[in-house]
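Step one of this worksheet: look at the structure below.
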Number of protein chains: 2
Amino acid sequence: MTADVSLAPRDPGSDAEGTRWLDAEEQQAWRAWLYSAQLLLDRLDRELTHATGISHAYYEILVALSETEGRMMRMSELADRCLSSRSRLSHAVSRLEERGWVRRQVCPDDGRGQLAVLTDDGFAALEAAAPVHVESVRTHLFDQLSPEQVAAMRDLGETLLRHLGPR
Amino acid sequence: MTADVSLAPRDPGSDAEGTRWLDAEEQQAWRAWLYSAQLLLDRLDRELTHATGISHAYYEILVALSETEGRMMRMSELADRCLSSRSRLSHAVSRLEERGWVRRQVCPDDGRGQLAVLTDDGFAALEAAAPVHVESVRTHLFDQLSPEQVAAMRDLGETLLRHLGPR
DNA sequence: GCGGAATAGATGAGCCTTCAACTAGAGTTC
DNA sequence: GAACTCTAGTTGAAGGCTCATCTATTCCGC
């Protein structure tokens, strides 16, 4: 309805600075995307956190580790995989270490490097959380969409990824 | 490529708990959406913050206020409009007050209520930030998409909104 | 193999968000 | 109109994220 850039059309058409304001159609599309993205991310994170005590950010770290050979990964690679800054990941791994779910290990190949290693407890926590999370994603996303919409979602996501990432 | 729920298919098809795991197609769609949403939100917030000193969260508060008659709104209504908790909004408005962009005022109709009022300085800050933000949204979103994709984005967003919100 | 630049990661301060109280005014019932 | 309950909003503590800074190691050129 109202859009977060609707300040714009007070000087419609051409603007002193030539700003390419959004028209009404674009604003509706933008708002719909923004609101739905914020609500969905928030909902999924909340349900996961409340049901399992694992935030979505932590969950992604555990998943990334669980998928590798030996359940371990270099800190930087893990950060990239989780769309996280190095600092953020470093803090997060410290907290996961306190829970006993991850452990740090010096990287044999590179004395500067550290390997984050998923512990058995960490793996067990992930196994317990995964069904909850999948069900959440189904309920709030896939169950709401037709197959065509799922295909459109994928196409949209991949198009944007080509521009924004993969880093 | 790898999905954050790919723990799933280790016991494909039927599962002890009957979890409806995602298949490969669904995982790719989900990952594409998740990554692109995170990257886009992050990018927009960063560009706005670095260029103007206003985070996207603050920006939305200022916009919501700027769109009302008298540039003022009840705290609760403002929180709903910004998809924010009351607590979060209360803290945020306090910080905006320190910047002199918003001011609080007791609500005449309801002694419990507060009105958040956008100041002239606040409006000026918003006017300065808006072109930057719109350009950012154009560059990273609309410029990347065909008209069909924009339509699909809107359809997707609205479909999800019917399920998730508007409250 | 020495000196400088680049890379990997950690750390701490400051801000933001969440959650669980808590205050205060409105509405409701008898 | 007193007592209960409900709603509006604030507050403070605790944890999370960002940014700037710092240390340790490797890489590169000579």
Side-chain angles (χ1 to χ4, degrees), chain A residues 38-39 41-62 72-99 101-117 167, chain B residues 38-39 41-62 72-99 101-117 167:
Chain A
Q38 289 179 339
L39 285 170
L41 290 172
D42 189 59
R43 188 75 160 258
L44 295 176
D45 187 38
R46 271 173 145 55
E47 290 189 356
L48 185 59
T49 303
H50 286 169
T52 70
I54 306 177
S55 69
H56 194 260
Y58 285 9
Y59 184 82
E60 290 207 301
I61 295 173
L62 299 181
M72 57 181 64
M73 203 185 290
R74 286 291 293 266
M75 292 294 285
S76 304
E77 196 188 340
L78 187 52
D80 291 345
R81 197 83 74 122
C82 298
L83 305 181
S84 172
S85 70
R86 276 97 203 277
S87 169
R88 179 183 174 190
L89 181 73
S90 186
H91 286 297
V93 165
S94 297
R95 292 179 303 248
L96 289 172
E97 242 177 339
E98 285 167 19
R99 295 195 189 186
W101 290 352
V102 170
R103 137 178 83 72
R104 268 181 247 248
Q105 188 178 301
V106 176
C107 179
D109 321 351
D110 186 339
R112 298 166 298 182
Q114 292 278 111
L115 289 167
V117 187
R167 186 78 354 249
Chain B
Q38 289 179 339
L39 285 170
L41 290 172
D42 189 59
R43 188 73 159 259
L44 295 176
D45 186 39
R46 272 173 144 54
E47 289 188 358
L48 184 59
T49 302
H50 287 168
T52 70
I54 306 177
S55 68
H56 194 259
Y58 286 9
Y59 185 82
E60 291 207 300
I61 294 172
L62 299 180
M72 58 180 65
M73 202 185 290
R74 285 290 294 267
M75 292 293 284
S76 304
E77 196 188 342
L78 186 54
D80 290 347
R81 196 84 74 120
C82 298
L83 304 181
S84 172
S85 71
R86 275 100 203 273
S87 170
R88 178 184 175 188
L89 181 73
S90 186
H91 286 297
V93 166
S94 297
R95 291 179 305 246
L96 289 172
E97 241 177 341
E98 283 168 19
R99 295 194 190 188
W101 291 353
V102 171
R103 141 176 80 72
R104 266 182 249 246
Q105 188 176 301
V106 176
C107 179
D109 321 352
D110 186 339
R112 297 167 299 181
Q114 292 278 111
L115 289 166
V117 187
R167 182 77 359 238

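All values derive from a computational prediction rather than experimental measurement. Proteins get letters first, then strands, A, B, ... in listed order; numbering begins at 1 in each. These numbers come from the heavy atoms of this one structure, side chains and all, not from hydrogens, waters or symmetry mates.
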Touch class at under 4.0 angstrom, heavy-atom based, for Ser85(A) against every strand present: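 If one applies the 4.0 Å heavy-atom cut-off, Ser85(A) turns out to touch the sugar-phosphate alone, with no base involved.
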Sugar-phosphate, base or nothing in reach of Arg95(B), heavy atoms under 4.0 Å: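 Base, at least one base heavy atom under 4.0 Å.
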Side-chain N,O (Arg86(A)) to OP1/OP2 (dT7(C)) below 4.0 Å: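 Result: no.
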Arg46(A) side chain near dC19(C) phosphate (N/O to OP1/OP2, under 4.0 Å):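 Result: yes.
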Please state how far atom [atom1] in [X] lies from atom [atom2] in [N], giving the value in whole angstrom units.
{"X": "His56(B)", "N": "dT17(C)", "atom1": "NE2", "atom2": "P", "value": "13 Å"}
{"X": "His91(B)", "N": "dG14(C)", "atom1": "NE2", "atom2": "C1'", "value": "15 Å"}
{"X": "Arg88(B)", "N": "dT10(D)", "atom1": "CZ", "atom2": "C1'", "value": "17 Å"}
{"X": "Asp109(A)", "N": "dA8(C)", "atom1": "CG", "atom2": "P", "value": "13 Å"}
{"X": "Asp110(B)", "N": "dA24(C)", "atom1": "CG", "atom2": "C1'", "value": "11 Å"}
{"X": "Glu60(A)", "N": "dG16(D)", "atom1": "CD", "atom2": "C1'", "value": "16 Å"}
{"X": "Asp80(B)", "N": "dT7(D)", "atom1": "CG", "atom2": "C1'", "value": "13 Å"}
{"X": "Leu83(B)", "N": "dT18(C)", "atom1": "CG", "atom2": "P", "value": "12 Å"}

When you measure from the side chain of [X], which nucleotide among [options] comes out closest?
{"X": "His50(A)", "options": "dA8(D), dT10(D), dC19(C)", "result": "dC19(C)"}
{"X": "Ser90(B)", "options": "dT18(D), dT11(D), dA10(C)", "result": "dT11(D)"}
{"X": "Tyr58(B)", "options": "dC16(C), dC6(D), dA6(C)", "result": "dC16(C)"}
{"X": "Met75(A)", "options": "dT7(C), dA10(C), dA8(D)", "result": "dA10(C)"}
{"X": "Ser87(A)", "options": "dT7(C), dT10(D), dC19(D)", "result": "dC19(D)"}

Thr52(B) and Tyr59(B): CA distance, side-chain angles, deciding distance, side-chain contact (heavy atoms from CB on, under 4.5 Å) verdict: CA-CA 10 Å; Thr52(B) 70; Tyr59(B) 185 82; over 6 Å; no
Side-chain donor-acceptor contact under 3.5 Å, Arg95(A) with Tyr58(A):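 On atom types as modelled, these side chains qualify, holding a pair under 3.5 Å.
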Most 5' of Gly113(A) and Thr49(A) on DNA chain C, judged by nearest nucleotide: Gly113(A)
Gln114(A) or Ser84(B), whichever maps to the more 5' nucleotide of DNA chain C: Gln114(A)
Heavy-atom closest pair, residues Ser94(A) and Arg104(A):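 In this case the closest contact between Ser94(A) and Arg104(A) is OG-NH2, 2.5 Å.
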For the student: nearest non-hydrogen atoms of Met75(A) and Ala116(A), plus distance: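 Closest pair (atom of Met75(A), atom of Ala116(A), distance): SD-CB, 4.0 Å.
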Evaluation steps, side-chain contact (heavy atoms from CB on, under 4.5 Å), between Ile61(B) and Leu96(B): CA-CA 9 Å; Ile61(B) 294 172; Leu96(B) 289 172; 3.8 Å; yes
